[in-house]
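Notes follow once the structure below has been shown.
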Amino acid sequence: NVREYLRSLGLRFSRRTVNSFHTALKVAEDAPLLVLAGISGTGKSLLPRRYAEAMGFHFLNIPVQPRWDGPQDLIGFFNYLENRYKATELVRALLQMSAYNHKLVQKKLGDQLIDDRMLMVLLDEMNLARVEYYFSEFLSRLETRRDIMNVEEVADRSKAEILLDAGRFARDGDLRVFVDTNVLFVGTMNEDESTLTLSDKVIDRANVMRFGRPPILGSQDDNHPEDARRLRAESFLHRDTWDGWIDSARSQDLSERNTLLEWIQELNDVLARIGRPFGYRTRDAILAYVQQH
């Protein structure tokens with residue numbers, strides 16, 4: 001349905017690209033960020049937006065600004081002049097998407113919980129600013145979710161929660177946000193003289209898809225708006241459905257696991273020769289990706 005929806009809008013993505021995008025989102029527990037990199041104008045921003053429309057995801061677009069230099073640009077801060085916490089769109093969305101978030105914050109912000117749905121967050125042109133400045137700590141918290149034994153336990157869950165700089169707003173103690181697994185993060189990055197490269201820490205925790213030069217620059221005469229309206233999701237995708245797809249793949253026996261591990265070892269040996277070896281995290285992410293694919 002996603003592929004047909006993209007075609008109806010005149011968007012030309014290969015089957016492999018769409019499958020890779022879908023699979024990378026399903027392994028967010030091992031690689032919590034999906035980066036779409038390449039030259040400008042190749043549909044890096046359009047693919048996640050249209051995918052979300054076809055699948056029934058909520059969608060939040062966050063244009064990254066060159067001046068961003070800390071996590072406050074992403075999650076807000078307490079304004080002492082106005083005497084109030086200035087929440088960002090992202091924080092409001094995160095509060096809505098998880099039932100574990102602080103009830104006082106939900107009450108203060110007046111937002112409704114929709115934790116039974118899916119949300120895709122797009123960090124558009126994420127490398128206009130240094131990603132490790134504004135997103136590094138956030139990314140570490142997302143990765144920590146794997147170590148939580150019981151998400152229902154407050155003490156256990158707090159390991160992955162993000163502390164809000166809420167100032168006097170937090171009269172009853174620190175205010176924290178738990179980013180649940182129904183929130184998926186995608187970033188786009190152009191590769192030109194105006195942008196910055198990603199650090200090893202970010203790349204190590206991300207899947208990266210590269211968008212090169214289109215082989216054929218055809219016309220847009222193949223747009224079919226009526227088909228697009230028909231194929232666009234009429235209701236929101238339930239998170240249990242999404243989780244079911246992931247769990248279904250996990251339950252399957254990866255019959256060629258030993259062969260795959262041999263290939264991974266050989267790949268790592270080759271990369272070690274040029275000073276770019278990887279560790280257990282990347283190995284586990286590769287295994288998870290193959291399983292979900």
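Keep in mind that the numbers below use all heavy atoms, side chains included, and drop hydrogens, waters and symmetry copies.
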Does the side chain of [X] pick up a donor-acceptor pair with the side chain of [Y] at under 3.5 Å?
X	Y	value
S14	T17	yes
Q265	D269	yes
R239	T181	yes
R117	H238	no

Exercise for review: Mind running salt bridge (Lys or Arg N to Asp or Glu O under 4.0 Å) on R146 and D30 for me, showing each step along the way?
Suggested key: CA-CA 8 Å; R146 293 185 303 173; D30 294 275; 3.4 Å; yes
Quick one, [X] and [Y] - any side-chain contact, counting heavy atoms below 4.5 Å?
X	Y	answer
F21	Y51	yes
V183	L94	yes
N182	M118	yes
L74	L90	yes

**Study point:** side-chain contact (heavy atoms from CB on, under 4.5 Å) evaluation trace for V35 with M126
**Key:** CA-CA 9 Å; V35 178; M126 65 183 300; 4.2 Å; yes
Ionic contact status for [Y] with [X], cut-off 4.0 Å:
X	Y	value
R250	D243	no
R145	D180	no
K44	E125	no
E161	R157	yes

Point to revise | More than 12 heavy atoms from other groups under 6.0 Å of CZ on F278 | key: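 Yes - once you tally the heavy atoms of other residues, nucleotides and ligands closer than 6.0 Å, there are more than 12.
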Check your understanding: When you look at CD of E89, are more than 12 heavy atoms from neighbouring residues, nucleotides or ligands closer to it than 6.0 Å?
Key ->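 No.
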With rounding to the nearest 0.5 angstrom, report the [atom1] to [atom2] distance, [X] to [Y].
X	Y	atom1	atom2	answer
K26	Q291	NZ	CD	10.0 Å
E132	S140	CD	OG	11.5 Å
Q65	I62	CD	CD1	11.0 Å

Review point. Strictly under 6.0 Å, is that where the ring centroids of W245 and H293 end up?
Key: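 When the ring centroids of W245 and H293 are compared, they turn out to be at least 6.0 Å apart.
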Review point. Does S136 reach the main-chain N or O of Y133 with its side chain, forming a donor-acceptor pair under 3.5 Å?
Key: no
Point to revise | Residues Y100, E152; criterion side chain to side chain donor-acceptor pair (under 3.5 Å); working and verdict | key: CA-CA 8 Å; Y100 303 113; E152 302 289 342; 2.9 Å; yes
Exercise for review: Please work out whether the ring planes of F57 and W242 are parallel, tilted or perpendicular, with thresholds of 30° and 60°.
Suggested key: perpendicular
Taking distance alone, no hydrogens or angles, what donor-acceptor pairs closer than 3.5 Å link side-chain atoms of residues 204-211 to residues at least two apart or in another chain?
from : atom 1 : to   : atom 2 : distance (Å)
D204 : OD1    : T282 : OG1    : 3.0
D204 : OD2    : R281 : NH1    : 2.5
R205 : NE     : E143 : OE1    : 2.8
R205 : NH1    : K201 : O      : 3.1
R210 : NH1    : E191 : OE1    : 3.3
R210 : NH1    : E191 : OE2    : 2.5

